[in-house]
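Letters A, B, ... mirror the listed sequences (proteins, then strands); counts begin at 1.
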Protein chains: 2
Amino acid sequence: MATYRSSEVTKNALIEAAGQLIADLGLSCVSVRAIAMLAQENIGTIHYHFGNKEGLLVEVINKVIERWEAVPVENELAQLDLNDRHDQAVAIRRIIERMSRLIFSSEAPDWHRQVIYQVMQHTGILQEMFRSRVITPENRQTIHLLQRIDPSLSYEQAYAHTLTIQSALIVHADYQNAVLSELSMADYSREYIAYMENILISQKQKFFDLPLV
Amino acid sequence: MATYRSSEVTKNALIEAAGQLIADLGLSCVSVRAIAMLAQENIGTIHYHFGNKEGLLVEVINKVIERWEAVPVENELAQLDLNDRHDQAVAIRRIIERMSRLIFSSEAPDWHRQVIYQVMQHTGILQEMFRSRVITPENRQTIHLLQRIDPSLSYEQAYAHTLTIQSALIVHADYQNAVLSELSMADYSREYIAYMENILISQKQKFFDLPLV
DNA sequence: AGCAAATTTAAACACTTGACTAAATATGGT
DNA sequence: ACCATATTTAGTCAAGTGTTTAAATTTGCT
């Protein structure tokens, strides 16, 4: 008699509602009352199931992080010889395509991409979660690859390259509303995302004189 | 006897305090009381001088926008022949260096760069100000240049290029705290910014097979 | 069906927020 | 020095915040 079935249902409803509201209003503009109302649950359930508001937000971010952890960068780079120029070029492509897929594929709820990078704006538990479990480990892989491609790169220089790779995707995610309105689009088209991926990939491959694969 | 001297002094103190607090806490976490306390002014002065909180925020953003408007992109591109490959390469460099200078040069208060892109997160008067007076006009120039460089580019494709140019700078500005902590730096070094500029410039020049200038 | 535990509910809590008011003060031209 | 007025001050307001409480209800095993 540990837990009742209804427990998981309301917890998921609250997480989903919180995610949508964060995407719409911003992380620091959502109230427990708004979340409970959208989820059609009582305010008290938030504190009963998650302890407090932050506990709920942790689970919201956790939902996104688990999707990223399910496809670690290591998998994309396995079976590649990072000393081979051709494989180095493939590695660049794999890293960019993976990140783009995780952010823009429609297999996850819409709010994922609009929520996740908001946590990087304010220091706190949420940022620490995303940084320690996603950002830092993934950057380590990318920096390692870049220093294989060009052994003369310092850590700072390799990090700068890493950020120039990721930044376009981050901006398209975090400023989605502004970007879409500037593009007069309702949502990113598959072609647009593909073209942006292509820019990022071939830019980096050309910069390092890698084969264009 | 229109206005007294003290008026401008307190107005500037309030704008400066608001800017610093927005940079530290985030746009939506700043209260009129915190602003007044940091400025060492009375809360009522905010409503007396600016009408309401939003009126003060408008002036904060205005301070930043005026710096950008003082050096229009047109000036950087004047005397360049946008049909000439060499001048096209120079134009790319000028556009990127101008934006980097506006964001990272130390001639303006520290908070400018951490404040300005926050307004792009939420729709409202502040975003509309920055978009209509800075973003849209500047993007028009960049897109025009890119379509001269490669006439086959559609508007969406040219816009994607524009964003890949700007994104790294935006991310370094808006996520400054997280980036600096990942780099174990107290502030961006001149060398780091210069290296990032170099990446962005030569990446774009190589992508379009322009001379590397 | 009965019953103990898990869950939901509504009301209240203390606190912060942006805004407003009326009185007190400071300013600068005369 | 005077005085009209620009500015500052302190106090109050209603509305919204996250949290807590205790009672009511639902759940699932015996």
task: Determine, for B/Lys63 against B/Glu16, whether the closest basic-nitrogen to carboxylate-oxygen distance falls under 4.0 angstrom.
output: no
Separation of atom CD in B/Glu41 from atom P in C/dA26, rounded to whole Å: 14 Å
message: Less than 4.0 angstrom from a charged side-chain N to a carboxylate O is my criterion; do B/Glu138 and B/Arg98 meet it?
response: yes
query: With a 4.0 Å cut-off on heavy atoms, is B/Val9 in touch with a base, just the backbone sugar-phosphate, or nothing at all?
result: nothing
message: Counting only side-chain nitrogens and oxygens, does B/Tyr4 get under 4.0 Å of the OP1 or OP2 atom of D/dT7?
response: no
query: Between C/dA19 atom C1' and B/His49 atom NE2, what is the distance in whole Å?
result: 16 Å
field: Upstream residue (5' side of DNA chain D) when A/Ala34 and A/Gly44 are each assigned their closest nucleotide
entry: A/Ala34
statement: Regarding the side chain of A/Ser31, the nearest nucleotide among D/dT17, C/dT7, C/dA19 is D/dT17
message: Checking contacts here: which listed nucleotide (D/dT8, C/dA19, C/dT9) is nearest the side-chain heavy atoms of B/Asn52?
response: C/dA19
- prompt: Between C/dT17 atom P and B/Ile35 atom CD1, what is the distance in whole Å?
  reply: 11 Å
Any A/Thr10 side-chain N or O less than 4.0 Å from OP1/OP2 of C/dT8: yes
Whole-Å gap separating P (D/dG16) and CD1 (A/Ile43): 13 Å
field: Among D/dG18, C/dA10, D/dT9, the one nearest B/Asn42 by side-chain distance
entry: D/dT9
- prompt: CD of B/Gln40 versus C1' of D/dT8: gap in Å, rounded?
  reply: 15 Å
message: Using whole Å, what does the distance between atom C1' of nucleotide C/dC20 and atom CD1 of B/Ile46 come to?
response: 14 Å
field: N/O (side chain, B/Thr3) to phosphate O (OP1/OP2, D/dA6) under 4.0 Å
entry: no
task: Report yes if at least one side-chain N or O of A/Arg5 is closer than 4.0 Å to OP1 or OP2 of D/dG28; otherwise report no.
output: yes
message: Check this for me, if you would: do A/Glu128 and A/Arg131 make a salt bridge, where the nitrogen-to-carboxylate-oxygen distance has to be below 4.0 angstrom?
response: no
- line: 5'-most contact on DNA chain C (nearest-nucleotide basis), B/Val30 vs A/Arg33, goes to A/Arg33
message: Would you say the ring centers of A/Tyr159 and B/Tyr192 fall short of 6.0 Å from each other?
response: no
query: Between C/dT8 and A/Thr45, is there an OP1 or OP2 to side-chain N/O distance shorter than 4.0 Å?
result: no
- prompt: Are side-chain N/O atoms of B/Arg148 and B/Gln88 paired as donor and acceptor at under 3.5 Å?
  reply: no
statement: Here the distance between atom P of D/dT9 and atom NE2 of B/His47, to the nearest Å, is 15 Å
field: Nucleotide C/dA6, atom P - distance to CD of A/Glu8 in whole Å
entry: 15 Å
